[in-house]
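Down below is the structure, laid out as structure tokens.
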Amino acid sequence: MTADFSPFIPWPYLAVLAVAAAILAALGIWRGVRGAWVRAAALAAFCLALANPILFQEEREPLSTIVAVVVDRSQSQDYAGRREQTDKALADLKDRLARFPQIETRIVEAADSPESEAPSTRLFSALTSVLADVPPARVGGAIFITDGQIHDVPDINQKLGFDAPIHGLISGRPDEFDRRIEIVSAPRFGIVGEQQKLSFRVVDDGKAPGGTAEVTIRLNGNEIATEVAEPGTDVPFSFTVPRGGNNILEFAVNGVPGEVTETNNRAVHVLDGIRENLRVLLVSGEPHAGERAWRNLLKSDAAVDLVHFTILRPPEKQDGTPINELSLIAFPTRELFVDKISEFDLIIFDRYQHRGVLPILYYDNIAQYVQNGGALLIAAGPEHAGNDSIAATPLSAVLPANPTGVMNEKGFYPRLSDEGKKHPVTRGLEGAASEPPQWGRWFRTVDVDRPLGQTVMEAADGKPLLVLNRVGKGRVAMLLSDQGWLWARGFEGGGPHVSLYRRTAHWLMQEPALEEEALTARAAGRTLEITRQTIEGDPGPATLTYPSGKTEELSLTQREPGLYSAEVKTTETGLFEVANDELSTLVHVGNVDAPEFKAAISTEDKLRPWAEQTKGLVRRLASADGAIDLPSILPVRGAVRVADDQRLSLRLTDETVLRGINSLSLFTGLFGLAALLLLISATWYREGR
């Protein structure tokens, strides 16, 4: 209760009256006038009435104590029954806190963001957020229900913004053990055909079983090595980049019985293979309009080193010109087709015929070059149907079709076959969707027997026009017409010769994006985009294996002929595996070095320093028999000065909120009038005696 004044006249005037009254009272007392004291009291009461004293009484309501309960919902809580322990502990803790009406519980469940690329357990950030609108004096404590793997624990010297205990209730078992593998250092790019070096490490968290670990290494799905690693030691590894584009290295360490999880027993690294200028050998059998189209295409590609020879003077040509007067360059056949043939990524024979320029043995060298992984393109014209066709040499062993000796002389629109509409080399060629196709006609093709491989383009009457085939480790393509140059010249509107030639060349050089049968997956944030390329029809569902071990069947929807896809939004992060038929691929969602994928064992160590400093408690939820053993609640008035190793101490607040104020004027109304009348009557009474 407090007092205040609300004078009826200004304070200066009231002060003058008070001084005058004091002088009169003092003078009367000094002279001994009868009733002077009573008169002084009456004057004082009069002045006090003018000052209007008021008593105020506040109506206050005690505020509740805020206790924050931060629940760990990160991915590591899915291991070893931790989520079930957490759910049971949370339900029990709610019941216990509800028994104290003065305690208000605020529960926040902290999971990593669905859009986060680097998942981590950020419980202190969640704590700050849930207490952002709470005055520090009202905070009674914070209780964390977690496996202890918290990645935003502040430095012990930092301020939390409140003075109350920090408690930790730890899920998991005390004797947990986990083995994981991580890539220490690795290049992001590598030149195809050259060696690259990286290093990896096997890590044992918790009570290690000892001994060495066997690591299986796969490159693009193929096992390339097995290494023995000592846990905690960096292991160097060298490999050769096999192809351009994405190359996926997978490191898998054998699981150990009893470990927390095997989801971190694999690690992947994606390396982009860069071709060091593709080397292409183009041999034109004779000058013709079509060779310039090939030459211009290959010369326009900065990544291609082109070696081009045109046979201008075949051996049988005898016109009496002395050799020393010829300005032609001799065809270095031995150097190209014996000594350095393996250095070429692609060999193109453009309207070439066997005329004694190449010894017959060299054709066998070319066939072996293809069998061992080389690429050969035959752009055929009328010479391929004649007696000097290269199909009559040892090269026929790798050719997908043999000529019948007939030329089909008939105008036609090149069309995609049913396989061609699905094949990535020809699918979606500009102008192919309409009938007739929106491009110019060609007028002759080489007639061949039933070809091997895939016929992706057809000529008149369904005759083969472009045939693709795999031979051994290599690939062969046959374009059975020499009139692609009509498209290059814009005849009847031209056609997509650049796309067709370039895709064919890159398919021959084993570009991964142009594989007929392929399964790929990529991550766009938390969305998995799965693509299945096939020319065999509906591939059926794909099987998706999550990092947690959960599997799911996905229906693949046809997006284009031969191209099926599916999209999956996922809350998990880590290494996913997608399988369909005999194909499988790996894709990593989130950063490969994200904190959530590192240590997986539960621990009390990260929260213990804060618990000790704030007089809190850190203990495991599960007792020795596996039952949930939750500590009791201990409300404490005032600051918590002593830690209790058996109970969760919570500081109760003394804060209140003002609900209203009652006021009482002492010298107004009947009470004031009665006081004045009493004093005046006393004065008269005293003077009358």
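- Judged by distance alone, the side chains of Ser565 and Thr531 never bring a donor and an acceptor atom under 3.5 Å apart.
- Of the residues listed (Thr570, Asn580, Val568), the one engaging Leu544 in a side-chain contact (heavy atoms from CB on, under 4.5 Å) is Val568, and it is the only one.
- The 12-atom threshold is exceeded at CD of Gln158, counting heavy atoms of other residues, nucleotides or ligands nearer than 6.0 Å.
- Salt-bridge annotation for Glu529 and Lys569: absent, with no side-chain N of the basic residue lying under 4.0 Å from a carboxylate O of the acidic one.
- Looking at Thr240 and Glu194, their side chains never bring a donor and an acceptor atom within 3.5 Å of each other.
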**Request:** Begin from the C-alpha positions of Arg502 and Glu511 and carry the test salt bridge (Lys or Arg N to Asp or Glu O under 4.0 Å) through to its verdict.
**Result:** CA-CA 11 Å; Arg502 180 165 287 142; Glu511 176 69 35; over 6 Å; no
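- A salt bridge is defined here as a Lys NZ or Arg NE, NH1 or NH2 lying under 4.0 Å from an Asp or Glu carboxylate O, and Glu516 with Arg427 fails to meet this definition.
- Scanning all heavy atoms of the two residues, the minimum distance from Arg647 to Leu617 falls at O-CD2, 3.8 Å.
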**Request:** Apply side chain to side chain contact (heavy atoms under 4.5 Å, CB included) to His423 and Gln454, showing your working.
**Result:** CA-CA 9 Å; His423 202 290; Gln454 293 95 35; 4.0 Å; yes
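- Using a 4.5 Å heavy-atom cutoff, the side chains of Thr216 and Arg218 are in contact.
- In this structure a side-chain-to-backbone donor-acceptor pair under 3.5 Å is missing from Arg475 to Leu508.
- Arg73 has a carboxylate O that lies under 4.0 Å from a charged side-chain N of Asp87, or vice versa, which qualifies the two as a salt bridge.
- Ring geometry for Phe200 versus Phe251: interplanar angle of 30 to 60°, hence tilted.
- The backbone N or O of Gly172 sits less than 3.5 Å from a side-chain atom of Gln85, completing a donor-acceptor pair.
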**Prompt:** Could you walk me through whether Ser602 and Arg620 pass the side chain to side chain donor-acceptor pair (under 3.5 Å) check?
**Reply:** CA-CA 10 Å; Ser602 61; Arg620 291 191 173 271; 2.9 Å; yes
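- Annotation for Asn247 and Gly273: closest pair ND2-N, 3.5 Å, computed over non-hydrogen atoms.
- Across every non-hydrogen atom of Trp507 and Leu514, the tightest pair is CD1-O, 3.2 Å.
- For the 3.5 Å distance criterion, the side chains of Ser125 and Asp152 qualify, holding a donor opposite an acceptor.
- Look at Lys88 and Asp92 and you find no salt bridge, because none of the NZ, NE, NH1 or NH2 atoms lies under 4.0 Å from a carboxylate O.
- Taking each heavy atom of Val202 and Ala229 in turn, the nearest pair found is CG2-CB, 3.9 Å.
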**CA sep, side-chain torsions, deciding dist, call: Leu621, Asp629, side chain to side chain contact (heavy atoms under 4.5 Å, CB included)** = CA-CA 6 Å; Leu621 287 170; Asp629 182 17; over 6 Å; no
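- In summary, the side chains of Asp147 and Ser171 do not present any donor paired with an acceptor at a separation below 3.5 Å, with no hydrogens or angles considered.
- Across every non-hydrogen atom of Glu515 and Ala518, the tightest pair is CB-CB, 4.0 Å.
- Salt-bridge check for Arg83 with Asp72: failed, with every basic side-chain N at 4.0 Å or more from each acidic carboxylate O.
- Looking only at atom types and distance, the side chain of Lys606 has a donor-acceptor partner in the side chain of Gln149 under 3.5 Å away.
- The pair Glu227-Arg201 fails the salt-bridge criterion, with no side-chain N (NZ, NE, NH1 or NH2) lying under 4.0 Å from an Asp/Glu carboxylate O.
- Ion pairing between Arg279 and Asp305 fails under the 4.0 Å rule for side-chain N and carboxylate O.
- The 12-atom threshold is exceeded at CG of Asp234, counting heavy atoms of other residues, nucleotides or ligands nearer than 6.0 Å.
- Between Arg180 and Asp205 there is a salt bridge, with a side-chain nitrogen of the basic residue lying less than 4.0 Å from a carboxylate oxygen of the acidic one.
- With no hydrogens or angles considered, a side-chain donor-acceptor pair links Glu259 and Asn265 at under 3.5 Å.
- With ring centers used as reference points, Phe344 lies 6.0 Å or more from Tyr369.
- A salt bridge is absent between Glu604 and Arg619; no separation between the charged side-chain nitrogens and carboxylate oxygens falls under 4.0 Å.
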**Request:** Before giving the answer on salt bridge (Lys or Arg N to Asp or Glu O under 4.0 Å), spell out for Arg532 and Asp581 the whole-Å C-alpha distance, their side-chain angles and the decisive distance to 0.1 Å.
**Result:** CA-CA 11 Å; Arg532 175 70 162 96; Asp581 290 337; 3.2 Å; yes
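- Of the N and O atoms on the side chains of Thr534 and Glu517, at least one donor lies less than 3.5 Å from an acceptor on the other residue.
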